[in-house]
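Here the structure comes first, spelled out in structure tokens, and everything after it is commentary.
Letters go in sequence order (proteins before strands), and every chain restarts at 1.
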Amino acid sequence: MLTQFSQSEESLNTFAPRLLNWFAENGRHDLPWQQHQTDTPNPYIVWLSEVMLQQTQVTTVIPYFARFMDTFPTVQDLAAADWDTVAEHWAGLGYYARARNLHKGAKQLVEIIDETGDFPQTLKGWEAISGVGPSTAGAIMAMGLHRYGVICDGNVKRVLTRWAAIDGDITKSATTKALWALAERLTPNENSGLFAQAMMDMGATLCVRRNPNCQLCPLQKDCIAHAEGRETDYPVKAKKKPKPSKFSNALIIGNEQGEVLWLQRPDNGIWGGLWSLPLEFIEKTEGQKSRKMATGTQKLNVRSNEKLYETEFTTAEQIINDWLHENELVAQPVSSTLLDDAPIKHSLTHFHWYLQPQRLVIDKAQVLELNDKLNAANIAFKWLDKQQALDGLGLPRAMEKIIAI
DNA sequence: TTCCAGCCGT
DNA sequence: ACGGCTGGAA
């Protein structure tokens with residue numbers, strides 16, 4: 001079965017040489033993960049940088065990459081590290097499942113290296129590593145091993161949907177398939193690593209989402225979207241649903257030494273594996289806030305739709321919320337201004353989150369009681385002052401915002 | 001202030 | 001098909 005492409009054979013055949021020529025003369029060659037590149041490619045550097053770059057821009061990744069390479073110069077160093085050290089290095093980059101998969105992947109890689117003497121050498125071998133999917137595996141094959149590899153990430157999809165006027169929704173599997181087929185058709189057998197870098201660089205610097213710089217583009221003469229003046233109509237994506245809003249109290253529970261209680265979040269869900277203040281989900285309806293009660297303790301009127309939020313309590317938060325309620329302890333709102341509450345707004349993938357810091361100081365006996373309850377449930381927790389928390393814990397940005405008040 | 005991109009796991 | 005985070009741009 002011959003796949004049909006909207007571009008001519010001539011255009012398909014000259015795509016790679018035009019792009020490679022542009023990259024050689026105008027591309028970026030001094031990114032940190034490129035500087036480390038020599039005639040002997042380093043799969044560790046490519047794997048680490050590609051995972052960091054999966055959902056994050058180059059300028060954001062640069063300092064994180066430098067710090068990772070400093071602390072974990074080899075995959076063995078990363079595999080041997082404690083999770084908390086890895087989390088602290090990743091904190092702020094977001095999508096923390098990437099960090100958990102990276103750490104797990106390092107252990108998988110070390111096991112393979114111990115068995116075979118080297119990193120995986122095949123696409124399938126890399127795709128078996130946690131956190132490595134088809135595009136990252138292709139990038140590692142091409143740039144990390146100097147073998148043949150095809151990438152089809154967001155940059156590539158933007159370039160190709162414009163150049164070939166592919167107007168299917170790129171979130172649909174049929175369109176994804178077509179884009180991969182085109183990417184494979186265009187990737188040269190030689191220098192697929194340079195080609196991958198060139199595609200990503202072109203997409204990131206010229207063929208950008210808004211105001212693409214078509215004048216400098218080596219693909220301009222046969223770009224269908226450009227010919228139609230419809231560059232920004234591509235790529236086609238389904239419209240997004242509006243995000244709902246959620247409201248939570250972030251409990252700053254202090255002891256008499258001025259230390260605050262921190263909880264490690266479970267691996268799944270928001271901020272998985274990082275540290276957070278205990279959260280107390282609240283429901284906001286028609287301007288009224290009502291305190292959310294954990295299962296089994298509700299003495300207040302329970303609304304019929306409250307179950308929607310129950311699963312969002314972690315076990316630790318249920319214990320703390322129950323204990324506070326039993327002891328009739330109520331935290332007081334902390335305001336950045338004297339006059340009114342100023343919740344921290346934090347937007348996540350599919351909802352906006354309003355976090356209201358609330359403070360409460362408990363005495364020595366209460367601390368011991370709470371510690372006992374958390375220990376009994378095997379909860380990971382720490383009492384730390386602000387600076388200790390900032391320096392020693394992997395904190396999500398939202399927590400940094402809260403303790404900055 | 002609001003909107004948006006982005007790849008993998010489940 | 002959906003959830004996950006943040007910084008940058010409009």
Exercise. Going through the distances and angles, do A:Met199 and A:Asn155 end up as a side-chain contact (heavy atoms from CB on, under 4.5 Å)?
Worked result: CA-CA 7 Å; A:Met199 283 295 276; A:Asn155 285 319; over 6 Å; no
Exercise. Are A:Phe23 and A:Phe195 close enough, and set up right, to give a side-chain contact (heavy atoms from CB on, under 4.5 Å), and what steps lead you there?
Worked result: CA-CA 8 Å; A:Phe23 183 64; A:Phe195 182 81; over 6 Å; no
Problem set entry | Verdict with supporting geometry, A:Phe15 and A:Arg185, side-chain contact (heavy atoms from CB on, under 4.5 Å) | CA-CA 10 Å; A:Phe15 186 104; A:Arg185 170 65 181 81; over 6 Å; no
Exercise. Can you list the steps and then say if A:Trp275 with A:Leu384 is a side-chain contact (heavy atoms from CB on, under 4.5 Å)?
Worked result: CA-CA 12 Å; A:Trp275 292 77; A:Leu384 297 176; over 6 Å; no
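Within residues 271-278 of chain A, the residues approaching DNA chain C are A:Trp271, A:Gly272, by heavy-atom distance under 4.0 Å.
Scanning both residues, A:Val150 and A:Trp180, for their nearest heavy atoms gives O-CZ3, 3.6 Å.
Using a 4.0 Å heavy-atom cutoff across all strands shown, A:Arg100 reaches no nucleic acid atom at all. Looking at heavy-atom distances under 4.0 Å, A:Ser130 makes contact with sugar-phosphate atoms alone, never a base. Backbone-only contact: A:Thr136 has heavy atoms under 4.0 Å from sugar-phosphate atoms and none from a base. Residue-level contact check: A:Asp153 touches the backbone only, with heavy atoms under 4.0 Å from sugar-phosphate atoms and none from bases. Within 4.0 Å (heavy atoms only), A:Val132 reaches sugar-phosphate atoms of the nucleic acid but no base atom.
B:dT10 atom P lies 17 Å from atom CD1 of A:Ile270, rounded to whole Å. If you take CD1 of A:Ile140 and C1' of B:dC8, they are 13 Å apart, rounded to a whole angstrom. Going from atom CG of A:Leu102 over to atom C1' of B:dC8 covers 13 Å, rounded to whole Å. B:dA5 atom P lies 9 Å from atom CZ of A:Arg158, rounded to whole Å. Straight-line distance from the CG atom of A:Leu53 to the C1' atom of B:dC8: 15 Å, rounded to whole Å. The distance from atom CG of A:Leu348 to atom P of B:dC3 is 16 Å, rounded to the nearest whole Å. Atom CD of A:Glu50 and atom P of B:dC7 are 10 Å apart (whole Å). To the nearest angstrom, C1' of B:dT2 lies 10 Å from OH of A:Tyr354.
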Using a cutoff of under 3.5 Å, can you pull out all pairs of nitrogen or oxygen atoms linking the protein to nucleotides 7-9 of chain C, with atom names and distances?
unit_1, atom_1, unit_2, atom_2, d
C:dG7, OP1, A:Arg397, NE, 2.4
C:dG7, OP1, A:Arg397, NH2, 2.8

Per-pair distances, 0.1 Å, donor-acceptor, side chain in residues 201-215 of chain A, under 3.5 Å, sequence neighbours excluded:
unit_1, atom_1, unit_2, atom_2, d
A:Asp201, OD1, A:Arg28, NE, 2.6
A:Asp201, OD1, A:Arg28, NH2, 2.9
A:Asp201, OD2, A:Arg28, N, 2.7
A:Thr205, OG1, A:Asp201, O, 2.7

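The only option from A:Trp47, A:Trp90, A:Trp33 that meets the ring pair (Phe, Tyr, Trp, His ring centres under 6.0 Å) definition with A:Phe65 turns out to be A:Trp33.
Inspection of the A:Glu369 and A:Trp323 side chains reveals an N or O donor paired with an N or O acceptor under 3.5 Å. Counting only N and O atoms by type, the side chains of A:Asn321 and A:Glu317 include no donor and acceptor under 3.5 Å apart.
Interface remark: the A:Gln55 side chain does form a donor-acceptor pair with the B:dC7 base, using a distance-only criterion of under 3.5 Å.
Phosphate proximity of B:dT2 to A:Lys345: present, with a side-chain N or O under 4.0 Å from OP1 or OP2.
The side chain of A:Gln54 has B:dC7 as its nearest neighbour among B:dA5, B:dC7, C:dC5. Of the candidate nucleotides B:dC7, B:dC4, B:dC8, B:dC8 has the atom nearest to the side chain of A:Pro134.
Both A:Asn101 and A:Thr56 sit near DNA chain B, but only A:Thr56 has its closest nucleotide nearer the 5' end. Residues A:Lys243 and A:Thr171 both approach DNA chain C. Their nearest nucleotides, taken by heavy-atom distance, put A:Thr171 toward the 5′ side. Along DNA chain B, the nucleotide nearest to A:Glu127 and the one nearest to A:His352 differ in position, and the one closer to the 5' end is contacted by A:His352.
In terms of modelled atom types and a separation under 3.5 Å, the side chain of A:Arg147 and the main chain of A:Met141 share no donor-acceptor contact.
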